[in-house]
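In what follows, a single structure is set out as structure tokens and then discussed.
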Number of protein chains: 2
Amino acid sequence: MEPTVDANANASENAVRPAGAAGFVLDGIREAILSGEFVPNQRLVEADLSEQFVASRAAVRTALLQLAHEGLVERVQNRGARVRAVSLAEAIEICEVRMVLEGLCAAKAAERITAAEGVELDGIGAAMCAAVSAGDVLGYSRLNERLHRRVREIGAQRTAATVLERLRAQSVRHQFRLAMQPGRPTESLPEHLAIIAAIRANDPRAAELAVHAHLRSVIHALAGAEEHTGAANGRDSS
Amino acid sequence: MEPTVDANANASENAVRPAGAAGFVLDGIREAILSGEFVPNQRLVEADLSEQFVASRAAVRTALLQLAHEGLVERVQNRGARVRAVSLAEAIEICEVRMVLEGLCAAKAAERITAAEGVELDGIGAAMCAAVSAGDVLGYSRLNERLHRRVREIGAQRTAATVLERLRAQSVRHQFRLAMQPGRPTESLPEHLAIIAAIRANDPRAAELAVHAHLRSVIHALAGAEEHTGAANGRDSS
DNA sequence: GTCGGCAAAATTGTCAACAATAATGGCGCA
DNA sequence: TGCGCCATTATTGTTGACAATTTTGCCGAC
């Protein structure tokens, strides 16, 4: 139950939330997974969940279906669902996709950014510097998430944004592991500032390259930190 | 009921197919949408579908849920589902995402391609030339689909491949419209050959650029052909 | 003649019970 | 004692009926 990175941060912007009984269960389970309350490979029994939350089994079933499509849960025919454990290799794949997709969004953001949005990005950049100086790892992690999200929004590429949001949720654990790595913020800070600068300068190409460089660095750190931290939760049986 | 491009071509490789009753309905509805039997914005009433196919309403419901996640149908709370009509703007967005994602796959394919796979790509290229010479538009369209799919597979980037497969299904109609445009094959043929050559030469960067160039051309053609053909089916009320 | 509201119909959302399938444990047999 | 088979249990898949919601058609009032 460690990754408390942001857990509910996405609940506000996330895609589909069929209000009512079913929607409540969906958000509940998703938050439990994202917060680490439900650990990877943990079995998700429909009956148990319908008791834990109060809803009917059908509601739980619908929620699990949705979560499977979001890539947070894996289901096998007649064998039930369990929390998806994304391996290191998968995490790297996800980052590769993020690299090109966020690059696209950043390029479009550089073309479309308004003055007000520019000021906002600068604000995030300044706050990031402050967080790193103060050694506020958790605050920096939150700002990191916020920056990436704002770039997506400014880019206004809904197709890419939807995919990216889903991928982000899938790799929350790896993202957290990375944030905890000592010296990591110091390394990523200048990369983030470069992204902001390029977008502010209305330079699509530079923005794209800056994002690429940043995520290449993330991939490198991800692969390197494999054995240092405890578990790169992969395909271990529960 | 015009786009007969490939319809069932994907049924074989497509992601999740919960076998049994539910799976049959899913494939049935998907194929009906892809083949154009169900037109954009057409309402999909659960009761009607459960009669048309034989399954229960719950099976239909599950299938519609799945298709919504695949982006082929749109659902609104208490208002039912209808075939998604992807507008021209959305189609262009999709192509932009395809551009960077297929670029990534092609780059990885250039690094991983085997001799046998190289021969296979060359075969596709030769067949494409033949099809264009013979004026076989439909055959060329099929080869086009096959080339893109093989590049994805050789790239071995499952995360990207999954997203691409979903996006391809969403834009089948626009893809078809484009294929029917006179002179289009002649324009895209050299682009395809360039992609094959770059991958065969084990040149990731060149492969990525070739794919980018190709899809930029697709986007251009898509935007240009807007008013020529009959309907760029957008947000028209049923 | 048209607009607002009300009732009926159509359609989806929800639920609880039943059937089918896979996992578990025990028993006999070698 | 170890292995394979069968009954039991746990869990998911499916079905049908009921409730809630939205849409449609109708009627009267202005």
Side-chain angles (χ1 to χ4, degrees), chain A residues 14-30 32-33 38-70 72-85 235-238, chain B residues 15-30 32-33 38-85 235-238:
Chain A
N14 220 322
V16 238
R17 176 166 49 265
F24 175 71
V25 186
L26 202 162
D27 284 349
I29 300 179
R30 175 162 40 210
I33 294 177
F38 293 168
V39 303
N41 279 322
Q42 175 174 338
R43 277 197 70 188
L44 298 175
V45 179
E46 297 181 358
D48 297 359
L49 290 173
S50 65
E51 186 190 14
Q52 180 167 346
F53 305 86
V54 188
S56 78
R57 200 165 74 88
V60 172
R61 194 180 175 74
T62 304
L64 288 178
L65 228 48
Q66 168 81 29
L67 289 171
H69 292 309
E70 291 179 19
L72 292 180
V73 161
E74 276 181 338
R75 292 172 49 95
V76 259
Q77 184 73 238
N78 290 323
R79 290 236 212 146
R82 46 184 63 213
V83 178
R84 176 176 171 202
R235 291 259 162 271
D236 42 304
S237 67
S238 139
Chain B
V16 237
R17 176 165 52 263
F24 175 71
V25 186
L26 202 161
D27 284 349
I29 300 179
R30 176 162 39 211
I33 294 177
F38 293 168
V39 302
N41 279 320
Q42 175 175 337
R43 275 198 72 186
L44 299 175
V45 179
E46 297 181 358
D48 297 359
L49 291 173
S50 65
E51 186 190 15
Q52 180 166 346
F53 305 87
V54 188
S56 77
R57 198 166 75 87
V60 172
R61 193 180 176 74
T62 304
L64 288 178
L65 228 48
Q66 169 81 27
L67 290 171
H69 292 308
E70 291 180 19
L72 291 180
V73 314
E74 279 179 336
R75 291 172 49 93
V76 254
Q77 184 72 237
N78 289 324
R79 291 234 213 146
R82 47 183 64 212
V83 179
R84 175 176 171 202
R235 291 260 162 273
D236 42 302
S237 65
S238 135

Subject >> Aromatic plane relationship, A/His69 with B/His69 - under 30° parallel, 30 to 60° tilted, over 60° perpendicular >> reply: tilted
**OP:** Figure out the CD/C1' separation between A/Gln77 and C/dA22, and round it to whole Å.
**Re:** 11 Å
Original post:
Heavy-atom distance under 4.5 Å between the side chains of B/Arg75 and B/Leu65, does that happen here?
Top reply: yes
Original post:
Can you find a heavy atom in the side chain of B/Val83 that is under 4.5 Å from one in the side chain of B/Leu44?
Top reply: yes
Subject >> Rounded distance (Å) that lies between atom P of D/dT21 and atom CZ of B/Arg75 >> reply: 17 Å
Original post:
What is the distance from CZ of A/Phe24 to P of C/dT14, rounded to the nearest Å?
Top reply: 14 Å
Original post:
Rounding to a whole Å, what distance do you find between A/Arg57:CZ and D/dG13:P?
Top reply: 8 Å
Original post:
Could you state the CD-P distance from A/Glu51 to C/dC15, rounded to the nearest angstrom?
Top reply: 16 Å
Original post:
If you take all heavy atoms of B/Ala55 and B/Val25, which pair is closest and at what distance?
Top reply: CB-CG2, 3.3 Å
Original post:
Is there a side-chain polar atom (N or O) of B/Arg61 under 4.0 Å from OP1 or OP2 of D/dT15?
Top reply: no
Contacts under 3.5 Å, N or O only, protein and nucleotides 6-11 of chain D:
none

Subject >> Audit row: A/Glu46, A/Leu49, side-chain contact (heavy atoms from CB on, under 4.5 Å) steps and yes/no >> reply: CA-CA 5 Å; A/Glu46 297 181 358; A/Leu49 290 173; 5.9 Å; no
Original post:
Can you tell me how far C1' of C/dG13 sits from CG of A/Leu26, to the nearest Å?
Top reply: 15 Å
**OP:** Would you sort out whether A/Arg82 and A/Asn41 count as a side-chain contact (heavy atoms from CB on, under 4.5 Å), showing the intermediate values?
**Re:** CA-CA 5 Å; A/Arg82 46 184 63 213; A/Asn41 279 322; 4.2 Å; yes
Subject >> Of the listed nucleotides C/dC15, C/dG13, D/dT15, the one nearest the side chain of A/Ser56 >> reply: C/dC15
Original post:
Please give, in whole Å, the distance from D/dT22 P to B/Arg82 CZ?
Top reply: 16 Å
Subject >> Atom-pair distance (CD on A/Gln66; P on C/dG13), nearest Å >> reply: 13 Å
